[in-house]
Amino acid sequence: MEIAPELLEAKRVEEKRLPPLPGAEPGKVVTRLPPEPSGYMHIGHAMSGLLNYLYAKMYDGRIWLRFEDTDPRKVRLEYYESFRRGYRWLGIEWDHEKNNSDDMELFYRYAEELIRAGKAYVCTCPVEKIRRLRAQGEGCEHRSLGVDENLSLWNEMLAGGFREGEAILRLVGDMKHTNTTMRDPALFRIIEHKHPLTGSRYRVWPLYDFAVSIEDYLCGVTHVLRTSEFALRDELQNYIRSLLGLNRHPVYIEYSRFEFKGTPVSKRRLRAILEAGLAKSWDDPRFPTIEGVRRRGILPEAIREFTITQTGFSYAKREYDWSLLFAINRKILDPVARRLFFTPNPVKLLVEGAPETSIEAPYHPSNKDLGSRILRAGDKFYISGADAKKMKPSEVYRLKYLLNFRVLDVRSDQVRGEFLGMEPMKDVQIIQWVPADEHVEVEVLVPDVLYLNDEINPESLRVVRGFGEMAVETVKLDEIIQFERFGFCRRDSDNELRFIFAHD
RNA sequence: GCUCCGGUAGUAUAGCCCGGACAAGUAUACGGGCCUUUCGAGCCCGUGACCCGGGUUCAAAUCCCGGCCGGAGCACCA
(Lines give C-alpha, C1' and ligand atoms only; values in the text may rest on other atoms or scores of the structure.)
Protein backbone atom coordinates (compact mmCIF):
# COMPACT_ATOMS: atom_id res chain seq x y z
CA MET A 1 0.00 0.00 0.00
CA GLU A 2 1.24 3.43 -0.90
CA ILE A 3 1.22 6.10 1.72
CA ALA A 4 1.65 9.72 0.74
CA PRO A 5 5.03 10.89 2.02
CA GLU A 6 3.59 14.17 3.22
CA LEU A 7 1.29 12.25 5.55
CA LEU A 8 4.22 10.37 6.98
CA GLU A 9 6.02 13.65 7.48
CA ALA A 10 3.01 15.15 9.21
CA LYS A 11 2.85 12.17 11.50
CA ARG A 12 6.53 12.48 12.31
CA VAL A 13 6.16 16.13 13.25
CA GLU A 14 2.99 15.42 15.15
CA GLU A 15 4.83 13.01 17.39
CA LYS A 16 7.40 15.60 18.30
CA ARG A 17 5.58 17.42 20.99
CA LEU A 18 6.50 18.83 24.31
CA PRO A 19 4.99 17.11 27.32
CA PRO A 20 1.89 18.81 28.71
CA LEU A 21 2.47 21.82 30.92
CA PRO A 22 1.11 21.43 34.44
CA GLY A 23 -1.83 23.66 35.17
CA ALA A 24 -1.98 25.09 31.69
CA GLU A 25 -5.27 26.22 30.25
CA PRO A 26 -5.56 26.93 26.55
CA GLY A 27 -5.64 30.63 25.83
CA LYS A 28 -4.51 31.57 29.30
CA VAL A 29 -0.86 30.71 29.40
CA VAL A 30 1.59 33.58 29.75
CA THR A 31 5.33 32.97 29.75
CA ARG A 32 8.38 35.16 29.49
CA LEU A 33 11.84 35.46 28.07
CA PRO A 34 13.87 36.97 30.90
CA PRO A 35 17.37 37.68 29.60
CA GLU A 36 19.89 39.65 31.57
CA PRO A 37 21.57 41.80 28.94
CA SER A 38 25.03 41.32 30.43
CA GLY A 39 26.57 39.15 27.76
CA TYR A 40 25.91 37.68 24.37
CA MET A 41 23.04 35.30 23.96
CA HIS A 42 24.08 31.66 23.84
CA ILE A 43 22.48 28.36 22.98
CA GLY A 44 21.42 27.72 26.57
CA HIS A 45 19.37 30.92 26.51
CA ALA A 46 18.03 29.81 23.18
CA MET A 47 16.76 26.48 24.42
CA SER A 48 15.29 27.96 27.55
CA GLY A 49 13.66 30.72 25.52
CA LEU A 50 12.32 28.18 23.07
CA LEU A 51 10.71 26.20 25.86
CA ASN A 52 8.92 29.28 27.11
CA TYR A 53 7.89 30.28 23.63
CA LEU A 54 6.80 26.85 22.48
CA TYR A 55 4.61 26.38 25.50
CA ALA A 56 2.99 29.77 25.08
CA LYS A 57 2.27 28.80 21.50
CA MET A 58 1.13 25.32 22.31
CA TYR A 59 -1.52 26.70 24.62
CA ASP A 60 -2.40 29.62 22.43
CA GLY A 61 -1.03 31.99 25.04
CA ARG A 62 1.24 35.00 25.11
CA ILE A 63 4.89 35.65 25.82
CA TRP A 64 6.86 38.60 27.09
CA LEU A 65 10.37 39.64 26.31
CA ARG A 66 11.49 41.26 29.52
CA PHE A 67 15.02 42.39 30.13
CA GLU A 68 16.26 41.79 33.65
CA ASP A 69 18.44 44.84 33.65
CA THR A 70 18.64 46.00 37.22
CA ASP A 71 22.39 45.80 37.62
CA PRO A 72 23.63 48.87 35.78
CA ARG A 73 27.20 47.76 36.16
CA LYS A 74 26.70 44.59 34.12
CA VAL A 75 24.18 45.67 31.55
CA ARG A 76 25.20 46.93 28.12
CA LEU A 77 23.16 48.15 25.19
CA GLU A 78 24.66 45.79 22.62
CA TYR A 79 23.55 42.82 24.70
CA TYR A 80 19.90 43.80 24.59
CA GLU A 81 20.15 43.68 20.85
CA SER A 82 22.02 40.40 20.92
CA PHE A 83 19.02 38.79 22.59
CA ARG A 84 16.44 40.38 20.34
CA ARG A 85 18.38 39.28 17.29
CA GLY A 86 18.89 35.83 18.69
CA TYR A 87 15.25 35.27 19.56
CA ARG A 88 14.16 36.54 16.17
CA TRP A 89 16.59 34.26 14.44
CA LEU A 90 15.11 31.33 16.32
CA GLY A 91 11.68 32.26 15.08
CA ILE A 92 10.48 33.35 18.49
CA GLU A 93 7.87 36.07 18.25
CA TRP A 94 7.09 37.86 21.45
CA ASP A 95 3.84 39.67 22.11
CA HIS A 96 5.12 42.32 24.48
CA GLU A 97 8.45 43.78 25.39
CA LYS A 98 9.66 45.73 28.41
CA ASN A 99 12.61 46.25 30.70
CA ASN A 100 12.60 45.90 34.43
CA SER A 101 14.36 49.24 34.51
CA ASP A 102 11.18 50.83 33.09
CA ASP A 103 9.44 50.34 36.39
CA MET A 104 11.77 51.90 38.90
CA GLU A 105 9.18 54.32 40.29
CA LEU A 106 6.80 51.46 40.78
CA PHE A 107 9.42 49.40 42.56
CA TYR A 108 10.00 52.32 44.89
CA ARG A 109 6.32 52.54 45.68
CA TYR A 110 6.14 48.85 46.49
CA ALA A 111 9.24 49.20 48.63
CA GLU A 112 7.60 51.96 50.61
CA GLU A 113 4.52 49.83 51.02
CA LEU A 114 6.63 47.07 52.46
CA ILE A 115 8.36 49.45 54.85
CA ARG A 116 5.05 50.85 56.04
CA ALA A 117 3.84 47.33 56.65
CA GLY A 118 6.91 46.72 58.79
CA LYS A 119 8.14 44.13 56.34
CA ALA A 120 11.29 45.86 55.17
CA TYR A 121 14.06 47.77 56.89
CA VAL A 122 17.13 49.73 56.03
CA CYS A 123 20.29 47.97 57.10
CA THR A 124 23.61 49.74 57.33
CA CYS A 125 25.71 46.82 58.47
CA PRO A 126 28.87 46.09 56.52
CA VAL A 127 28.48 43.31 53.95
CA GLU A 128 30.69 40.86 55.80
CA LYS A 129 28.62 41.21 58.91
CA ILE A 130 25.40 40.65 57.00
CA ARG A 131 26.83 37.52 55.45
CA ARG A 132 28.05 36.20 58.75
CA LEU A 133 24.76 36.80 60.49
CA ARG A 134 22.77 35.27 57.67
CA ALA A 135 24.93 32.19 57.84
CA GLN A 136 24.40 32.02 61.59
CA GLY A 137 20.71 32.64 61.26
CA GLU A 138 20.65 35.77 63.37
CA GLY A 139 19.29 39.23 62.77
CA CYS A 140 21.06 42.53 63.31
CA GLU A 141 19.99 45.58 65.32
CA HIS A 142 18.47 47.31 62.28
CA ARG A 143 15.81 44.67 62.10
CA SER A 144 13.91 46.29 64.95
CA LEU A 145 13.95 49.84 63.66
CA GLY A 146 10.59 51.60 63.63
CA VAL A 147 8.58 52.27 60.50
CA ASP A 148 9.14 56.03 60.63
CA GLU A 149 12.83 55.65 61.04
CA ASN A 150 13.01 53.16 58.17
CA LEU A 151 10.99 55.48 56.02
CA SER A 152 13.31 58.38 56.55
CA LEU A 153 16.37 56.19 56.06
CA TRP A 154 14.86 54.88 52.83
CA ASN A 155 14.21 58.38 51.61
CA GLU A 156 17.73 59.25 52.48
CA MET A 157 18.93 56.34 50.38
CA LEU A 158 16.90 57.57 47.45
CA ALA A 159 18.09 61.12 47.95
CA GLY A 160 21.72 60.17 47.88
CA GLY A 161 22.44 60.38 51.58
CA PHE A 162 24.28 57.08 51.48
CA ARG A 163 27.08 56.01 49.25
CA GLU A 164 27.25 52.70 47.48
CA GLY A 165 27.59 49.88 49.99
CA GLU A 166 26.50 51.95 52.96
CA ALA A 167 22.87 50.95 53.14
CA ILE A 168 20.46 48.41 51.71
CA LEU A 169 16.78 47.75 52.08
CA ARG A 170 16.12 44.31 53.47
CA LEU A 171 13.06 42.14 53.69
CA VAL A 172 11.85 41.00 57.06
CA GLY A 173 12.05 37.30 56.38
CA ASP A 174 13.00 34.51 58.72
CA MET A 175 16.60 34.45 59.84
CA LYS A 176 16.30 30.81 60.87
CA HIS A 177 14.74 29.59 57.66
CA THR A 178 16.46 26.56 56.13
CA ASN A 179 15.99 28.15 52.76
CA THR A 180 18.73 30.73 53.10
CA THR A 181 17.19 33.02 50.51
CA MET A 182 14.47 33.72 53.06
CA ARG A 183 16.91 35.08 55.65
CA ASP A 184 16.18 38.78 55.26
CA PRO A 185 17.40 39.12 51.70
CA ALA A 186 18.46 42.47 50.29
CA LEU A 187 15.74 44.06 48.22
CA PHE A 188 17.48 47.23 47.09
CA ARG A 189 21.08 48.39 46.98
CA ILE A 190 22.84 51.53 45.89
CA ILE A 191 24.78 51.47 42.65
CA GLU A 192 26.61 54.55 41.52
CA HIS A 193 26.93 53.72 37.88
CA LYS A 194 25.23 54.87 34.72
CA HIS A 195 22.59 52.60 33.33
CA PRO A 196 22.50 52.30 29.52
CA LEU A 197 18.79 53.06 29.47
CA THR A 198 18.07 55.29 32.42
CA GLY A 199 21.42 57.01 32.71
CA SER A 200 22.07 58.48 36.14
CA ARG A 201 18.44 58.94 37.03
CA TYR A 202 18.44 56.14 39.61
CA ARG A 203 20.96 55.09 42.14
CA VAL A 204 18.90 52.69 44.22
CA TRP A 205 18.33 49.49 42.29
CA PRO A 206 16.09 46.53 43.12
CA LEU A 207 17.58 43.07 43.34
CA TYR A 208 16.45 40.18 41.25
CA ASP A 209 13.84 38.65 43.53
CA PHE A 210 12.07 41.88 44.19
CA ALA A 211 11.96 43.01 40.59
CA VAL A 212 10.99 39.61 39.27
CA SER A 213 8.22 39.00 41.80
CA ILE A 214 6.52 42.21 40.83
CA GLU A 215 7.17 41.97 37.12
CA ASP A 216 5.90 38.43 36.85
CA TYR A 217 2.72 39.60 38.51
CA LEU A 218 2.42 42.67 36.32
CA CYS A 219 2.96 40.64 33.19
CA GLY A 220 0.42 38.08 34.31
CA VAL A 221 2.95 35.31 33.95
CA THR A 222 1.36 31.92 34.60
CA HIS A 223 4.34 29.67 33.96
CA VAL A 224 7.99 30.18 34.63
CA LEU A 225 10.39 27.75 32.97
CA ARG A 226 13.90 28.46 34.15
CA THR A 227 17.12 26.77 35.07
CA SER A 228 17.62 25.18 38.45
CA GLU A 229 19.82 27.81 40.02
CA PHE A 230 16.59 29.67 40.71
CA ALA A 231 14.79 26.81 42.37
CA LEU A 232 15.25 28.10 45.91
CA ARG A 233 13.79 31.45 44.99
CA ASP A 234 10.26 30.33 44.18
CA GLU A 235 9.35 30.54 47.83
CA LEU A 236 10.88 33.98 48.28
CA GLN A 237 9.22 35.42 45.22
CA ASN A 238 5.84 34.07 46.19
CA TYR A 239 6.35 35.50 49.65
CA ILE A 240 7.25 38.96 48.42
CA ARG A 241 4.18 39.00 46.22
CA SER A 242 1.87 37.90 48.97
CA LEU A 243 3.16 40.64 51.30
CA LEU A 244 2.26 43.11 48.59
CA GLY A 245 -1.17 41.61 48.08
CA LEU A 246 -0.21 40.41 44.65
CA ASN A 247 -1.78 37.02 45.10
CA ARG A 248 -1.36 35.29 41.82
CA HIS A 249 1.71 33.14 41.51
CA PRO A 250 3.10 31.38 38.49
CA VAL A 251 3.72 27.67 38.21
CA TYR A 252 7.46 27.13 38.43
CA ILE A 253 9.24 24.53 36.39
CA GLU A 254 12.96 24.29 36.82
CA TYR A 255 15.53 22.18 35.07
CA SER A 256 19.27 21.84 34.84
CA ARG A 257 21.26 23.96 32.43
CA PHE A 258 21.68 22.98 28.82
CA GLU A 259 25.33 22.45 28.09
CA PHE A 260 27.28 20.88 25.31
CA LYS A 261 30.31 18.72 25.81
CA GLY A 262 33.55 20.62 25.46
CA THR A 263 31.77 23.91 24.93
CA PRO A 264 31.38 25.96 28.11
CA VAL A 265 28.82 28.73 28.16
CA SER A 266 30.40 30.48 31.10
CA LYS A 267 31.65 33.93 30.26
CA ARG A 268 34.69 33.36 32.39
CA ARG A 269 35.87 30.30 30.48
CA LEU A 270 35.06 31.77 27.10
CA ARG A 271 36.96 34.89 27.97
CA ALA A 272 39.95 32.70 28.86
CA ILE A 273 39.89 31.35 25.31
CA LEU A 274 39.74 34.88 23.95
CA GLU A 275 42.55 36.05 26.18
CA ALA A 276 44.70 33.10 25.24
CA GLY A 277 44.36 34.32 21.67
CA LEU A 278 42.71 31.10 20.54
CA ALA A 279 39.65 32.94 19.33
CA LYS A 280 39.20 36.48 18.20
CA SER A 281 35.58 37.27 18.89
CA TRP A 282 32.42 36.16 20.63
CA ASP A 283 30.91 35.01 17.37
CA ASP A 284 33.63 32.43 16.87
CA PRO A 285 32.09 29.27 15.38
CA ARG A 286 33.42 27.20 18.25
CA PHE A 287 31.55 29.32 20.76
CA PRO A 288 28.09 28.48 22.08
CA THR A 289 26.92 32.02 21.41
CA ILE A 290 24.00 32.28 19.04
CA GLU A 291 26.17 34.03 16.50
CA GLY A 292 28.82 31.35 16.81
CA VAL A 293 26.33 28.56 16.43
CA ARG A 294 24.70 30.29 13.47
CA ARG A 295 28.03 30.79 11.74
CA ARG A 296 28.75 27.16 12.24
CA GLY A 297 25.78 26.30 10.09
CA ILE A 298 23.35 25.18 12.75
CA LEU A 299 19.81 26.00 11.66
CA PRO A 300 17.29 27.55 14.04
CA GLU A 301 14.85 24.78 13.11
CA ALA A 302 17.40 22.24 14.31
CA ILE A 303 17.72 23.92 17.69
CA ARG A 304 13.98 24.02 17.91
CA GLU A 305 13.52 20.37 17.11
CA PHE A 306 16.38 19.48 19.40
CA THR A 307 14.76 21.36 22.25
CA ILE A 308 11.50 19.55 21.73
CA THR A 309 12.86 16.06 21.33
CA GLN A 310 16.03 15.84 23.36
CA THR A 311 15.17 17.97 26.31
CA GLY A 312 13.40 17.09 29.51
CA PHE A 313 12.68 18.80 32.78
CA SER A 314 15.48 16.95 34.45
CA TYR A 315 17.37 18.29 37.41
CA ALA A 316 20.25 15.96 36.78
CA LYS A 317 23.39 17.39 35.30
CA ARG A 318 23.47 16.95 31.57
CA GLU A 319 25.99 17.47 28.86
CA TYR A 320 24.74 17.07 25.36
CA ASP A 321 26.91 15.58 22.73
CA TRP A 322 27.08 17.85 19.70
CA SER A 323 26.31 14.87 17.48
CA LEU A 324 22.76 14.90 18.81
CA LEU A 325 22.22 18.38 17.37
CA PHE A 326 24.24 17.70 14.25
CA ALA A 327 22.09 14.70 13.38
CA ILE A 328 18.96 16.83 13.40
CA ASN A 329 20.67 19.61 11.48
CA ARG A 330 21.86 17.10 8.90
CA LYS A 331 18.39 15.73 8.35
CA ILE A 332 17.03 19.19 7.72
CA LEU A 333 19.90 20.12 5.46
CA ASP A 334 20.21 16.92 3.48
CA PRO A 335 17.22 17.38 1.15
CA VAL A 336 17.94 21.04 0.40
CA ALA A 337 21.70 21.52 0.38
CA ARG A 338 23.50 21.65 -2.93
CA ARG A 339 26.28 19.15 -3.50
CA LEU A 340 29.56 20.47 -4.81
CA PHE A 341 33.04 19.16 -5.49
CA PHE A 342 35.90 20.13 -3.24
CA THR A 343 39.36 18.62 -3.24
CA PRO A 344 41.18 19.32 0.02
CA ASN A 345 44.98 19.27 -0.10
CA PRO A 346 44.77 18.70 -3.86
CA VAL A 347 47.08 16.45 -5.85
CA LYS A 348 47.35 16.51 -9.62
CA LEU A 349 45.87 13.69 -11.66
CA LEU A 350 46.68 12.97 -15.26
CA VAL A 351 44.39 10.57 -17.07
CA GLU A 352 46.08 9.56 -20.29
CA GLY A 353 43.72 9.20 -23.18
CA ALA A 354 40.85 11.05 -21.51
CA PRO A 355 38.84 13.00 -24.08
CA GLU A 356 38.10 16.68 -23.99
CA THR A 357 34.50 16.82 -22.80
CA SER A 358 31.92 18.41 -20.54
CA ILE A 359 29.24 16.90 -18.38
CA GLU A 360 26.13 18.10 -16.63
CA ALA A 361 26.03 17.21 -12.96
CA PRO A 362 22.98 17.66 -10.77
CA TYR A 363 23.38 19.71 -7.60
CA HIS A 364 21.48 17.11 -5.64
CA PRO A 365 21.04 13.36 -6.12
CA SER A 366 17.25 13.49 -5.77
CA ASN A 367 16.07 17.06 -5.37
CA LYS A 368 15.85 18.16 -9.00
CA ASP A 369 14.69 21.65 -8.07
CA LEU A 370 18.25 22.43 -7.10
CA GLY A 371 19.29 22.23 -10.76
CA SER A 372 22.66 21.32 -12.18
CA ARG A 373 25.92 22.74 -13.45
CA ILE A 374 28.23 21.99 -16.33
CA LEU A 375 31.75 20.75 -15.65
CA ARG A 376 34.34 20.90 -18.40
CA ALA A 377 37.11 18.35 -18.45
CA GLY A 378 40.25 17.38 -20.31
CA ASP A 379 42.85 14.92 -19.11
CA LYS A 380 44.28 16.92 -16.22
CA PHE A 381 42.58 17.19 -12.85
CA TYR A 382 43.03 17.78 -9.19
CA ILE A 383 41.77 15.27 -6.68
CA SER A 384 41.80 15.23 -2.90
CA GLY A 385 45.18 14.51 -1.38
CA ALA A 386 43.68 11.90 0.90
CA ASP A 387 42.24 10.02 -2.08
CA ALA A 388 45.52 10.23 -3.99
CA LYS A 389 47.42 8.86 -1.04
CA LYS A 390 45.31 5.71 -0.91
CA MET A 391 45.75 4.89 -4.58
CA LYS A 392 47.82 1.92 -5.75
CA PRO A 393 48.85 1.08 -9.30
CA SER A 394 46.29 -0.99 -11.23
CA GLU A 395 43.38 0.08 -9.04
CA VAL A 396 40.35 1.46 -10.83
CA TYR A 397 38.57 4.66 -9.80
CA ARG A 398 35.79 6.79 -11.19
CA LEU A 399 35.77 10.55 -11.34
CA LYS A 400 32.19 11.18 -10.38
CA TYR A 401 29.83 11.80 -13.32
CA LEU A 402 32.81 11.72 -15.70
CA LEU A 403 35.07 8.79 -16.39
CA ASN A 404 36.85 5.71 -15.08
CA PHE A 405 40.57 5.28 -14.97
CA ARG A 406 43.19 2.78 -13.92
CA VAL A 407 46.04 3.99 -11.74
CA LEU A 408 49.40 3.73 -13.45
CA ASP A 409 51.65 5.27 -10.86
CA VAL A 410 51.41 7.40 -7.76
CA ARG A 411 53.87 10.09 -6.80
CA SER A 412 53.50 12.54 -3.97
CA ASP A 413 52.81 15.41 -6.36
CA GLN A 414 50.95 13.60 -9.12
CA VAL A 415 48.93 10.52 -9.92
CA ARG A 416 48.97 9.13 -13.42
CA GLY A 417 46.23 6.94 -14.79
CA GLU A 418 44.86 5.57 -18.01
CA PHE A 419 41.42 6.27 -19.38
CA LEU A 420 39.00 3.34 -19.19
CA GLY A 421 35.74 4.82 -20.45
CA MET A 422 32.90 7.10 -19.52
CA GLU A 423 30.15 4.73 -18.47
CA PRO A 424 29.76 4.03 -14.74
CA MET A 425 31.27 0.74 -13.65
CA LYS A 426 30.13 -1.42 -10.80
CA ASP A 427 32.05 -1.60 -7.53
CA VAL A 428 34.39 1.19 -8.34
CA GLN A 429 35.32 3.80 -5.78
CA ILE A 430 33.94 7.17 -6.86
CA ILE A 431 35.91 10.29 -6.12
CA GLN A 432 35.39 14.02 -6.54
CA TRP A 433 37.56 16.14 -8.78
CA VAL A 434 38.08 19.54 -10.34
CA PRO A 435 39.55 20.36 -13.77
CA ALA A 436 43.24 21.30 -13.57
CA ASP A 437 42.69 24.59 -15.35
CA GLU A 438 39.26 25.55 -14.06
CA HIS A 439 38.89 25.69 -10.31
CA VAL A 440 38.83 28.10 -7.41
CA GLU A 441 40.73 28.21 -4.17
CA VAL A 442 38.62 27.34 -1.16
CA GLU A 443 39.31 27.62 2.53
CA VAL A 444 37.30 25.75 5.13
CA LEU A 445 37.47 26.44 8.83
CA VAL A 446 36.84 23.26 10.79
CA PRO A 447 35.77 23.92 14.38
CA ASP A 448 36.18 21.41 17.16
CA VAL A 449 35.43 21.46 20.90
CA LEU A 450 37.10 24.20 22.92
CA TYR A 451 37.82 22.02 25.89
CA LEU A 452 39.09 18.46 25.93
CA ASN A 453 38.97 16.74 29.31
CA ASP A 454 38.53 20.10 30.98
CA GLU A 455 41.60 21.60 29.38
CA ILE A 456 41.73 24.08 26.54
CA ASN A 457 41.99 22.22 23.27
CA PRO A 458 44.84 23.92 21.44
CA GLU A 459 43.69 22.54 18.09
CA SER A 460 40.06 23.47 18.24
CA LEU A 461 40.17 25.17 14.85
CA ARG A 462 41.71 23.57 11.79
CA VAL A 463 42.02 25.26 8.43
CA VAL A 464 41.62 23.07 5.37
CA ARG A 465 42.57 24.43 1.98
CA GLY A 466 41.90 23.02 -1.41
CA PHE A 467 40.32 23.53 -4.79
CA GLY A 468 36.66 23.75 -5.48
CA GLU A 469 34.84 23.50 -8.75
CA MET A 470 33.90 26.82 -10.40
CA ALA A 471 30.31 26.59 -9.15
CA VAL A 472 31.53 27.17 -5.62
CA GLU A 473 31.52 30.83 -6.59
CA THR A 474 27.75 30.67 -6.96
CA VAL A 475 27.31 29.76 -3.30
CA LYS A 476 25.79 32.71 -1.55
CA LEU A 477 26.86 34.15 1.79
CA ASP A 478 25.21 32.07 4.55
CA GLU A 479 24.21 29.33 2.16
CA ILE A 480 24.96 25.88 3.48
CA ILE A 481 26.11 23.37 0.94
CA GLN A 482 27.66 19.95 1.09
CA PHE A 483 31.13 19.36 -0.22
CA GLU A 484 30.72 15.75 -1.21
CA ARG A 485 32.49 13.25 1.01
CA PHE A 486 33.70 16.18 3.11
CA GLY A 487 30.69 17.62 4.88
CA PHE A 488 28.16 20.39 5.18
CA CYS A 489 29.70 23.83 5.13
CA ARG A 490 28.36 27.33 5.33
CA ARG A 491 29.78 30.17 3.29
CA ASP A 492 31.03 32.69 5.80
CA SER A 493 32.42 35.45 3.65
CA ASP A 494 30.90 37.49 0.89
CA ASN A 495 34.05 38.21 -1.06
CA GLU A 496 36.23 35.23 -0.23
CA LEU A 497 35.54 31.55 -0.69
CA ARG A 498 35.77 30.92 2.99
CA PHE A 499 33.52 28.31 4.53
CA ILE A 500 32.87 26.97 7.99
CA PHE A 501 32.47 23.26 8.42
CA ALA A 502 29.29 22.27 10.23
CA HIS A 503 29.38 18.49 10.35
CA ASP A 504 29.62 15.57 7.97
C1' G B 1 30.27 22.83 56.03
C1' C B 2 24.85 23.69 55.74
C1' U B 3 20.16 23.41 52.74
C1' C B 4 17.68 21.63 48.60
C1' C B 5 17.48 18.46 44.26
C1' G B 6 18.92 14.51 41.21
C1' G B 7 21.20 9.43 39.56
C1' U B 8 17.73 4.75 33.17
C1' A B 9 22.94 2.22 27.52
C1' G B 10 28.97 6.31 25.42
C1' U B 11 25.42 10.69 25.06
C1' A B 12 20.39 12.71 25.57
C1' U B 13 15.77 11.14 27.01
C1' A B 14 10.61 8.03 27.81
C1' G B 15 8.79 5.29 31.82
C1' C B 16 8.67 6.80 38.16
C1' C B 17 3.47 10.66 40.73
C1' C B 18 -1.15 6.17 40.18
C1' G B 19 4.08 -0.96 41.46
C1' G B 20 2.26 -5.78 37.27
C1' A B 21 2.04 -7.02 29.24
C1' C B 22 9.27 -2.99 31.06
C1' A B 23 13.08 -10.04 29.51
C1' A B 24 12.80 -1.25 29.77
C1' G B 25 10.73 2.53 24.43
C1' U B 26 13.06 6.53 21.33
C1' A B 27 17.05 9.52 19.32
C1' U B 28 22.18 9.72 18.72
C1' A B 29 26.76 7.15 18.69
C1' C B 30 28.90 2.38 17.47
C1' G B 31 29.09 -2.58 14.45
C1' G B 32 27.08 -5.29 10.18
C1' G B 33 24.04 -5.57 5.68
C1' C B 34 21.02 -3.35 1.63
C1' C B 35 20.52 0.82 -1.50
C1' U B 36 22.94 4.95 -3.73
C1' U B 37 27.48 7.84 -9.76
C1' U B 38 29.12 11.17 -1.97
C1' C B 39 32.44 7.99 3.18
C1' G B 40 25.73 12.13 3.05
C1' A B 41 20.56 10.59 3.16
C1' G B 42 17.29 6.35 3.31
C1' C B 43 16.06 1.08 4.69
C1' C B 44 17.12 -3.48 7.64
C1' C B 45 19.68 -6.07 11.59
C1' G B 46 22.75 -5.98 15.92
C1' U B 47 25.68 -4.42 20.61
C1' G B 48 24.47 -1.50 24.79
C1' A B 49 21.21 0.98 30.72
C1' C B 50 17.34 0.97 35.59
C1' C B 51 24.16 3.89 40.99
C1' C B 52 24.87 0.29 45.34
C1' G B 53 22.76 -2.21 49.62
C1' G B 54 18.63 -3.35 52.50
C1' G B 55 13.24 -3.24 53.21
C1' U B 56 7.76 -3.37 51.85
C1' U B 57 4.97 -6.52 48.32
C1' C B 58 2.55 -12.24 45.16
C1' A B 59 5.19 -8.46 42.10
C1' A B 60 9.84 -2.67 42.38
C1' A B 61 13.12 1.25 37.27
C1' U B 62 8.62 2.72 39.84
C1' C B 63 7.23 2.93 47.11
C1' C B 64 10.49 3.32 51.99
C1' C B 65 15.41 3.58 54.50
C1' G B 66 20.74 3.91 54.30
C1' G B 67 25.13 4.61 51.47
C1' C B 68 27.85 6.38 47.32
C1' C B 69 28.18 9.74 43.33
C1' G B 70 26.58 14.23 40.85
C1' G B 71 24.22 19.13 40.49
C1' A B 72 22.26 23.72 42.46
C1' G B 73 21.95 27.39 46.25
C1' C B 74 24.12 29.49 50.69
C1' A B 75 25.60 37.71 46.80
C1' C B 76 24.42 44.65 48.36
C1' C B 77 24.57 39.19 40.30
C1' A B 78 20.64 37.45 37.52
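A note on names: the letters A, B, ... follow the listed sequences, proteins ahead of strands, and every chain is numbered from 1.
- Within the shown strands, nothing qualifies as a pairing partner of B:U38 under the Watson-Crick or G-U definition with both distances less than 3.5 Å.
- A ring-ring contact (aromatic ring centres under 6.0 Å, His included) with A:Phe342 is found for one member of A:Phe467, A:Phe486, A:Phe501 and no other, namely A:Phe486.
- Between A:Thr181 and A:Arg134, the shortest heavy-atom distance links the atoms O-NH2, 3.9 Å.
- Base pairing of B:C30: its partner is B:G46, meeting the Watson-Crick or G-U wobble criterion (both donor-acceptor distances under 3.5 Å).
- Aromatic ring pairs are classed by plane angle as parallel below 30°, tilted from 30° to 60° and perpendicular above 60°; the pair A:Tyr55 and A:Phe313 is tilted.
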So if I define the base as every atom that isn't primed, P, OP1 or OP2, how would nucleotides 73-78 of chain B read as a B/S/- string at a heavy-atom cutoff under 4.0 Å?
SSSBBB

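- Between A:Phe341 and A:Tyr401, the ring planes lie parallel to each other; the angle is under 30°, not in the 30° to 60° tilted range.
- For A:Glu254 and A:Tyr252, the side-chain atoms include no donor-acceptor pair closer than 3.5 Å.
- In this entry B:C63 has B:G55 as its Watson-Crick or G-U wobble partner, both defining distances falling under 3.5 Å.
- Counting any heavy atom pair closer than 4.0 Å across all strands shown, A:Asp234 reaches no nucleic acid atom.
- Put simply, CG on A:Asp174 is 15 Å from P on B:U3, counting in whole angstrom units.
- The partner of B:U3 is B:A72, by the rule that a Watson-Crick or G-U pair needs both atom distances under 3.5 Å.
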Nucleotides 9-18 of chain B: protein proximity per nucleotide (B base, S sugar-phosphate only, - neither; heavy atom, under 4.0 Å)
--BBSS----

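- When rounded to the nearest whole Å, the span between CG of A:Asn367 and P of B:U38 equals 16 Å.
- Nucleotide B:A21 has no partner under the Watson-Crick or G-U criteria, as no pair reaches both atom distances under 3.5 Å.
- Considering A:Tyr202, A:Trp154, A:Tyr110, A:Tyr208 in turn, A:Trp154 is the only one that fulfils the ring-ring contact (aromatic ring centres under 6.0 Å, His included) rule with A:Phe188.
- Among the heavy atoms of the strands lying under 4.0 Å from A:Gln432 are primed sugar atoms or P, OP1, OP2 only; no base atom is included.
- Contact annotation: the side chain of A:Val221 never approaches that of A:Thr31 to less than 4.5 Å [non-hydrogen atoms, C-beta and beyond].
- Using a 4.0 Å heavy-atom cutoff across all strands shown, A:Lys426 reaches no nucleic acid atom at all.
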